[in-house]
> 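The structure is given below, and queries will be raised subsequently.
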There are 2 protein chains.
Amino acid sequence: MDHQAKGTRKGTGGGKGNDVKADLIAVVVAVTKGEPRVLTIGQASALPSGPFELDHRSLQSGLRAWVERQTSHPLGYIEQLYTFADRDRIGDELQRVISISYLGLTREDQTERSPTHGWHGWYDYFPWEDHRSGIPAIVPEILMPQLQAWAEDADDPDMHHDRWQRATIAFGLDERDWNEELVLQRYELLHEAALVAEAKHSGNTGSALSIPGRPMTADHRRILATGIGRLRTKIKYRPVVFELMPATFTLLQLQRTVEALAGRLVHKPNFRRLVEQQDLVEGTGETMSDTGGRPAKLFRFRQTVLAERTVAGTKLPLSRA
Amino acid sequence: MDHQAKGTRKGTGGGKGNDVKADLIAVVVAVTKGEPRVLTIGQASALPSGPFELDHRSLQSGLRAWVERQTSHPLGYIEQLYTFADRDRIGDELQRVISISYLGLTREDQTERSPTHGWHGWYDYFPWEDHRSGIPAIVPEILMPQLQAWAEDADDPDMHHDRWQRATIAFGLDERDWNEELVLQRYELLHEAALVAEAKHSGNTGSALSIPGRPMTADHRRILATGIGRLRTKIKYRPVVFELMPATFTLLQLQRTVEALAGRLVHKPNFRRLVEQQDLVEGTGETMSDTGGRPAKLFRFRQTVLAERTVAGTKLPLSRA
DNA sequence: CCAATTATTCTCTAACTGAGTATAATATGA
DNA sequence: TCATATTATACTCAGTTAGAGAATAATTGG
C-alpha cells in the first residue's frame, strides 16, 4: 500500500516489511596478569549487546551505552568489526536482526566484581589458540584426527582434498607454520566440521564429548573469534597495545601482553630492539624491583605516537618459538 | 519529498520504534586501460545501493541482487567495508537508516553501455590521490593553502597545532612521505575543513569555486574513499589484483594495474622479482606483441594461489618515485 | 642496418630479521 | 660473605629482503 516514495528511495521503500532490528555487540578485551580476557555477561556465555535505539547518537555511542549499562565498565578505544545478518539470528518472528559488532580495548578494573558481568580468559573459548607453551595437546590429539575424519567423510575426492587442505592451512600442518591470525578461519572450519557445540544442526556424530572450548550463545563465539583475529593482526602494524597497558610498565610486561594476545612467544632482545628503535616508548627514569633479578626500567608510551596512531607503523616481531 | 510514512514511528508491526532500515551500498571497482574506475548510477554521483529486503538470503546476496538489478553487471569478489549510521543519513523521517557498504572487484564489461549506469575514473572524485606523475598540482596549490587557512582559523593554539599536524600527516608534508593508504583520513580532513562540496552545513566561506573533485550524493564519496583505502591496503598483502585482471596478461599490465590502484609508480625490476619469487604467476608459453618493443611473455595466476587466497602473503613493492 | 622501445636479467648496498651470546644488577640462601 | 639463580640489558653475526641502478635481449619502424 505504500510504495512510490518520491525521489528519496527507489524500489521497495517505505514499507515496514523490510525493516530490521539492529543489535550492537561488543568484544571488550583486557589483559590481566598476562592473560587476555574478554568481558561477558550471563553465565560467561554471552557478549555485552543490545539494540541500536533511536536516541543513540551513533553506533559507537550506542555500543558504549550498552556496555556501560550491562557491565558498568567504561570503554576506551573501540573499532568496528563486522556486520552480520544470518538466518539463524532470526527468532520466531519474521523480522530480521542485524548484528553490528565492535572491538573494544580497556584495562580490567581489578577492584569491583559484579554478578551481572565477568571477565574470562579468551583461551577458555579457544583452547587451540594458545601456542605460548608450544602446540596445545588438543590440536594433534583431538582436532586433527577429527578434522581428518571429517575430510574423509566428504562426498567426492575433490571435496575431501579441499577440506583437508583448508585444515592444513588453518592449523599450519606439514611445512607450513602456525599463523596466529587465522582465528576466524579455524573456528569456522571447526564449526563446519561440527566440532564445536554451536554447530548442532544435522546429525551430531556422537563426538559430543570431545567438543573443545567453552561455547557461547548464538554466534557470539564467532564474533569473539573475529575480534581476536583482528586484534592479532592489528598489533603488528598499529600501536594499539597501549590501550591495554597501565601508565608505566617494564619492557617485559609489554612483551608478555603482546605474547598473550598473539598466543605465541617472541624473542626478547629482538622485541626490545624493535620497540626502542621505533621510539614507541620513553623511560620514566624509575625502575621496578620485580620478582627476583635485576630491576627493570619503567617506560611509558610517547605522546607523539598516540597522536600519529592512525599512521604509525608499529612492527612488533612475532617470531616462532 | 515525504510519503505518508505509515507506522514508521512508534508502532511498527512487532517493533517498539527502534526498527531501522538497512541499506546495502557497493563500491564496485574495475581497472580499464590502466585507470581505476568505479561503478555508478544516476549522474555518476551515486553508488549502486538499495534496501536489504526480507527475501535476500544474506547481506552479500542482497547486495549482489541490487548491483545486478541496477547495472546488470555481475559481481565476483566482494568484501564488507563498513557500516554507517550517521545522523545526516536520515531524511526528514524519524526513522534511521543503516548503510552496510561493500567493496566489489570485477572486470569492466567493455561491450555494453547503458544509460542507467556508468563507470567513472575514481580520480575524478579524488584528484589529489593520483601521484603516478608526481604530486598533483592541486595539492600544493589549492589544498595545502586552504588547509593552512583552516588550521589558522582554529579557536585556540592547541587546536591549530592539531589541525595542522593532521594535515601534514595525511598529505605527507615535511619529511614524511606520502602514504597512499590514508584516503579516508584525507577525505575526512577536507570534509571537516569544508573543502569538499558535501560539507555545506555552516557558513561556506566563499571558497566554493576551488572545491576539488567531483562530489557525490549523501556520503557516497566517503564510502568510496573507504573502499579505495581498503583496496590500497589489501593489494599489499593479499592477492586480490587477480579479480581485476584478464585471464592472461603481461607483467607490465599487472604492474600498471597495481600502480593505478595505489596511485603511485613502482620499480619495474623489483616488482617482477617479487611477483615471480612468490610464485603468484606462471607463464603461459605465449607472448604478446605489444606497442613496439620486445614482445612480453604472457602469464596467468597460479591456481594454488587462488586456493590459498585467505592466507598468502602477497607483498607488492610500493616504492617511492 | 640503426635507432627507438620495451622486456628481462643482474648487481650492489643498506636495512631488517631471526637467533644466539655476553655482561650487568639485583635477590636468595648456604 | 659469597656463590648462585634470576632477570635486565647490550652486543654480534649470518641470512634475507628492499631499493635503486646498470646491462643485456628481442622486437618494430625507418
Side-chain angles (χ1 to χ4, degrees), chain A residues 33-34 131 134 177-180 235-237 248-259 262 264-300 312-321, chain B residues 33-34 131 177-180 235-237 248-259 262 264-299 312-321:
Chain A
K33 295 191 217 129
H131 286 224
D177 26 322
W178 173 258
N179 182 344
E180 73 277 358
I235 45 169
K236 290 186 192 158
Y237 67 99
T248 65
F249 47 86
T250 69
L251 289 184
L252 186 58
Q253 285 171 338
L254 181 62
Q255 181 184 342
R256 293 289 177 237
T257 302
V258 169
E259 290 174 335
R264 59 159 42 178
L265 301 179
V266 306
H267 186 81
K268 202 203 281 199
N270 292 348
F271 181 83
R272 309 181 116 257
R273 177 173 64 187
L274 220 52
V275 168
E276 293 188 313
Q277 260 179 14
Q278 291 181 128
D279 284 332
L280 288 182
V281 298
E282 59 189 8
T284 65
E286 295 162 61
T287 60
M288 186 184 177
S289 302
D290 214 350
T291 45
R294 172 174 171 177
K297 289 192 196 139
L298 280 173
F299 291 85
R300 74 170 74 89
T314 319
K315 293 177 256 174
L316 297 181
L318 290 169
S319 77
R320 7 242 142 257
Chain B
K33 295 190 216 128
H131 286 226
D177 27 325
W178 174 259
N179 182 344
E180 73 277 356
I235 46 169
K236 291 184 191 158
Y237 66 98
T248 66
F249 48 85
T250 69
L251 289 184
L252 186 57
Q253 285 172 339
L254 181 62
Q255 181 184 341
R256 293 289 177 237
T257 302
V258 169
E259 290 173 336
R264 58 160 41 177
L265 301 178
V266 307
H267 185 79
K268 201 204 280 198
N270 291 350
F271 181 83
R272 306 182 117 258
R273 176 174 63 187
L274 219 52
V275 169
E276 293 188 314
Q277 260 179 14
Q278 292 181 129
D279 284 332
L280 288 182
V281 298
E282 59 190 7
T284 66
E286 294 162 61
T287 61
M288 187 184 177
S289 303
D290 216 347
T291 45
R294 170 174 173 176
K297 289 191 196 139
L298 280 174
F299 291 85
T314 320
K315 292 178 257 174
L316 296 181
L318 290 169
S319 78
R320 4 245 144 255

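Labels below follow one simple rule: chain letters A, B, ... track the order of the sequence lines, proteins then strands, and each chain is numbered from 1. For clarity, every value in this text was computed on a predicted model and none was experimentally measured.
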> The side chain of B/N270 lies closest to which of these nucleotides: D/dG19, C/dT8, D/dT9?
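The closest nucleotide is D/dG19.
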> What pairs with A/E282 under side-chain hydrogen bond (donor to acceptor under 3.5 Å, both in side chains), at least two apart in sequence or on another chain?
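Scan of A/E282 (side-chain hydrogen bond (donor to acceptor under 3.5 Å, both in side chains), adjacent residues dropped) gives A/R300.
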> Rounded to whole Å, how long is the line connecting atom NE2 of B/H267 with atom P of C/dA7?
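For the pair B/H267 NE2 and C/dA7 P, the rounded distance is 14 Å.
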> Taking N or O atoms only and anything under 3.5 Å, show me the protein contacts with nucleotides 26-30 of chain D, one pair per line.
residue, atom, partner, partner atom, Å
D/dA26, O4', B/R294, NE, 3.4

> Out of D/dT9, C/dT8, C/dT17, which nucleotide sits closest to the side chain of A/K297?
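The answer is D/dT9.
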> State which residues pass side-chain hydrogen bond (donor to acceptor under 3.5 Å, both in side chains) with B/R294; sequence neighbours excluded, sorted by chain then number.
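Here no residue qualifies.
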> Tell me every residue that passes ring pair (Phe, Tyr, Trp, His ring centres under 6.0 Å) with B/F299, counting only those two or more places apart in sequence or in another chain.
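B/F299: no ring pair (Phe, Tyr, Trp, His ring centres under 6.0 Å) contacts found.
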> Between C/dT8 atom P and B/L252 atom CG, what is the distance in whole Å?
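Result: 9 Å.
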> Could you state the atom-to-atom distance from CD of B/E276 to P of C/dC10 in whole Å?
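My rounded result for the distance is 11 Å.
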> Measure from CD on B/E286 to C1' on C/dA7 and round the result to the nearest Å.
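The distance from CD of B/E286 to C1' of C/dA7 comes to 17 Å, rounded to the nearest Å.
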> So, using side-chain hydrogen bond (donor to acceptor under 3.5 Å, both in side chains) as the criterion, who are the partners of B/Q253 when residues are at least two apart?
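Counting only residues at least two positions away or on another chain, B/Q253 forms no side-chain hydrogen bond (donor to acceptor under 3.5 Å, both in side chains).
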> How many Å lie between CG on B/L274 and P on D/dT17, as a whole number?
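Between P of D/dT17 and CG of B/L274: 9 Å.
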> Roughly how many Å is it from CD in B/Q253 to P in C/dT6, rounded to a whole number?
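Answer to the nearest Å: 14 Å.
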> Return the 5'-most residue of the pair A/R273, B/L298 with respect to DNA chain C, ranking by each residue's nearest nucleotide.
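Result of the comparison: B/L298.
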> For B/R272 and C/dT8, what is the distance between atoms CZ and P respectively, to the nearest whole Å?
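It is 4 Å, rounded to the nearest whole Å.
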> To the nearest Å, give me how far apart NZ (B/K268) and C1' (D/dA22) are.
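One finds 14 Å between C1' of D/dA22 and NZ of B/K268, rounded.
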> With B/R273, which residues qualify under side-chain contact (heavy atoms from CB on, under 4.5 Å), at least two apart?
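Only B/N270, B/Q277 meet the side-chain contact (heavy atoms from CB on, under 4.5 Å) criterion with B/R273.
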